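These notes are about the structure you will find just below.
Keep in mind that what you see is a predicted model, and the values were worked out from it rather than measured. By convention in this document, chain letters (A, B, ...) are assigned in the order of the sequence lines, proteins followed by strands, and residues within each chain are numbered from 1.
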There are 2 protein chains.
Amino acid sequence: MNAPSISVQMKCGDCPIRHRAVCARCDADELTALEEIKYYRTYEAGQTVIWSGDQMNFVGSVVSGIATLTQTMEDGRTQMVGLLLPSDFVGRPGREGAAYDVVATTDLTMCCFRKKPFEDLMNRTPHIAHRLLEMTLDELDAAREWMLVLGRKTAREKIASLLAIIARRDASLSPDGPQDDIVFDLPLTREAMADYLGLTLETVSRQMSALKKDGVILLEGKRHVTIPNMGRLMEEAGDDSDGGFLV
Amino acid sequence: MNAPSISVQMKCGDCPIRHRAVCARCDADELTALEEIKYYRTYEAGQTVIWSGDQMNFVGSVVSGIATLTQTMEDGRTQMVGLLLPSDFVGRPGREGAAYDVVATTDLTMCCFRKKPFEDLMNRTPHIAHRLLEMTLDELDAAREWMLVLGRKTAREKIASLLAIIARRDASLSPDGPQDDIVFDLPLTREAMADYLGLTLETVSRQMSALKKDGVILLEGKRHVTIPNMGRLMEEAGDDSDGGFLV
DNA sequence: ACCAGTCCTTGACGCAGATCAATTGGGAAA
DNA sequence: TTTCCCAATTGATCTGCGTCAAGGACTGGT
């Protein structure tokens with residue numbers, strides 16, 4: 001057999017991202033098996049990928065674009081419970097339905113695996129099951145970290161926490177040196193930020209302006225952000241530990 | 001081989017609870033293996049079981065008593081991120097240290113398994129790994145459910161949500177008919193409730209009084225609670241769906 | 001009986017963030 | 001260029017919950 005290059009296959013064929021469900025121990029057979037059950041789907045900004053409660057017949061990863069996981073009460077109050085960036089995993093192996101609405105906030109491409117065969121592969125491949133457990137533990141840590149943000153932080157600290165997460169996530173993707181300015185475009189509207197932070201969009205806007213005035217961030221236009229001093233931002237977030245991760 | 005009664009072994013020998021990590025597919029050999037690496041530990045009310053960051057050399061379940069998972073900021077603000085009731089699992093297979101403080105809020109008995117041998121067993125026993133993934137997904141759902149509570153609910157709704165969780169959890173343990181009054185003793189101080197709900201103890205106290213005045217709950221002394229109408233309580237929680245579970 | 005300690009309740013007041021409302025800015029279509 | 005549209009900003013006011021403070025109800029110890 002003509003063994004394919006692992007480094008390419010690790011990234012799941014032609015996906016430009018590294019699937020988190022795929023790990024260093026995956027061998028060529030497993031990768032071929034994944035290749036056979038995978039397909040791509042694209043969604044437009046604003047489209048709902050899955051409604052809470054719907055049957056979900058795939059798992060997969062975000063390839064490009066941003067999606068959110070949200071919960072809504074009958075009276076319309078909504079809380080975002082997860083932010084899905086490229087390479088993040090979506091799906092609940094072993095579960096029937098979706099627990100939350102998944103919404104594309106930008107144009108979105110997903111790399112999906114049909115669920116049943118994926119579960120079969122998982123069941124006969126211990127290290128994939130192991131990897132999924134690790135990923136789920138990561139998400140649990142992130143969710144609990146966020147509980148502290150929602151329950152105990154001020155509006156200013158909440159905003160700083162969110163910016164820190166996005167900045168860190170973004171910086172880890174780019175190959176820049178670690179202590180340069182961090183520059184990125186916010187992938188969320190003020191309203192989406194508010195739904196993530198348990199605030200109103202007005203409060204988000206005011207605190208963004210305040211952080212800008214105080215030199216914690218630079219803002220060009222509405223979305224383009226520069227972090228001149230990551231340490232300062234993390235102080236503002238009330239977050240000494242450089243832990244703090246999300247999704 | 002003299003196969004032991006599964007129904008007894010399912011409960012892990014002499015533990016009075018059913019370990020969630022042990023499932024219907026566990027066979028006698030696996031149960032024996034667990035039996036060999038298990039031990040009990042007891043803690044007094046108020047004692048800290050594990051400090052965040054500490055090396056954790058066991059996993060296990062709560063046998064009796066209540067423990068909490070909490071995070072604390074440097075300035076002392078604390079947020080509870082999990083409530084551990086009997087049969088709940090503690091531990092992060094595959095992880096080195098503890099991510100949160102675990103504190104006994106009442107006298108507590110834990111049934112522990114030494115971590116390394118437990119992980120070995122998990123690694124060679126797919127259905128135990130599978131069970132752990134399921135448990136972790138449950139906890140993730142619970143954490144995300146709680147994010148909605150923390151981010152978007154009012155103080156009154158928060159209190160009602162917490163009471164509903166404890167009531168439901170309690171009712172599922174007792175063999176009573178489903179539509180009787182639900183009666184239980186609150187396992188938490190007002191301060192612990194506040195730390196769970198992102199409130200102050202004074203607000204918790206006021207809202208408890210308000211719910212009592214409005215007949216949503218009956219209070220005898222400080223801790224003894226009767227829920228005359230579970231549906232009413234869940235309305236107050238802003239929670240139509242009878243989902244809603246926690247840890 | 002008395003005291004000390006802990007937990008809880010209740011009141012008075014202030015403030016962070018919500019609500020309501022008006023205006024600005026910037027990109028796309030005509 | 002003008003117009004439209006939607007995201008975002010900013011201001012004015014309101015309010016739910018936090019803060020500070022005083023006191024009550026148990027419990028266990030002496």
If I take atom CE in residue A:M208 and atom P in nucleotide D:dT10, what distance separates them, rounded to the nearest angstrom?
12 Å
B:Q207 CD - D:dC17 C1' separation (whole Å)
9 Å
Any Lys/Arg nitrogen of A:D214 or A:R232 sitting under 4.0 Å from an Asp/Glu carboxylate oxygen of the other?
no
Quick one: do B:R152 and A:D75 make a salt bridge, cutoff under 4.0 Å?
no
B:L197 CG to D:dC17 C1': how many Å, rounded?
13 Å
Evaluate the ring planes of B:Y39 and B:F58, with Trp represented by its six-membered ring, and classify them as parallel (under 30°), tilted (30 to 60°) or perpendicular (over 60°).
perpendicular
Whichever of A:G221 and B:G221 has its nearest DNA chain C nucleotide further upstream toward 5'
B:G221
Work out which heavy atom in B:L150 is nearest to a heavy atom in B:G198; give both atom names and the distance.
CD2-N, 4.0 Å
When rounded to whole Å, the CZ to P distance for the pair A:R77 and D:dG16 reads 13 Å
Of all the nucleotides listed (D:dT9, C:dT9, D:dC17), which has the minimum atom distance to the side chain of B:S209?
C:dT9
Check the phosphate of C:dC8 against B:R223, side-chain N and O only, distance under 4.0 Å to OP1 or OP2. Yes or no?
yes
Among C:dA18, C:dC8, D:dC20, which nucleotide sits nearest the side chain of B:R190?
C:dC8
Given C:dT9, D:dA8, D:dG18, which nucleotide is nearest the side-chain atoms of A:T189?
D:dA8
Write down the distance between CG (A:L219) and C1' (D:dT9), rounded to a whole number of angstrom.
12 Å
Indicate, yes or no, whether a donor-acceptor pair under 3.5 Å links the base of D:dC20 to the side chain of B:E202.
yes
Taking only the side-chain heavy atoms of B:T203 (C-beta and beyond), determine which of C:dT19, D:dG18, C:dT10 contains the nearest atom.
D:dG18
Could you state the CD1-C1' distance from A:I159 to C:dG17, rounded to the nearest angstrom?
12 Å
Which nucleotide in C:dC20, C:dT10, D:dT19 has an atom nearest any side-chain atom of B:S205
C:dT10
List the steps and the verdict of salt bridge (Lys or Arg N to Asp or Glu O under 4.0 Å) for A:R95 and B:D141.
CA-CA 12 Å; A:R95 299 296 168 95; B:D141 281 344; 3.5 Å; yes
Counting side-chain heavy atoms from C-beta on, which of D:dA7, C:dT10, C:dG17 comes nearest to A:A155?
C:dG17
For a quick check of understanding: with a heavy-atom distance under 4.0 Å over all strands, which category does B:G46 fall into, base, sugar-phosphate or nothing?
nothing
Between C1' on C:dA22 and CZ on A:R206, what's the gap in Å once rounded to a whole number?
12 Å
Length of the CZ-P vector between A:R152 and D:dG18, whole Å:
8 Å
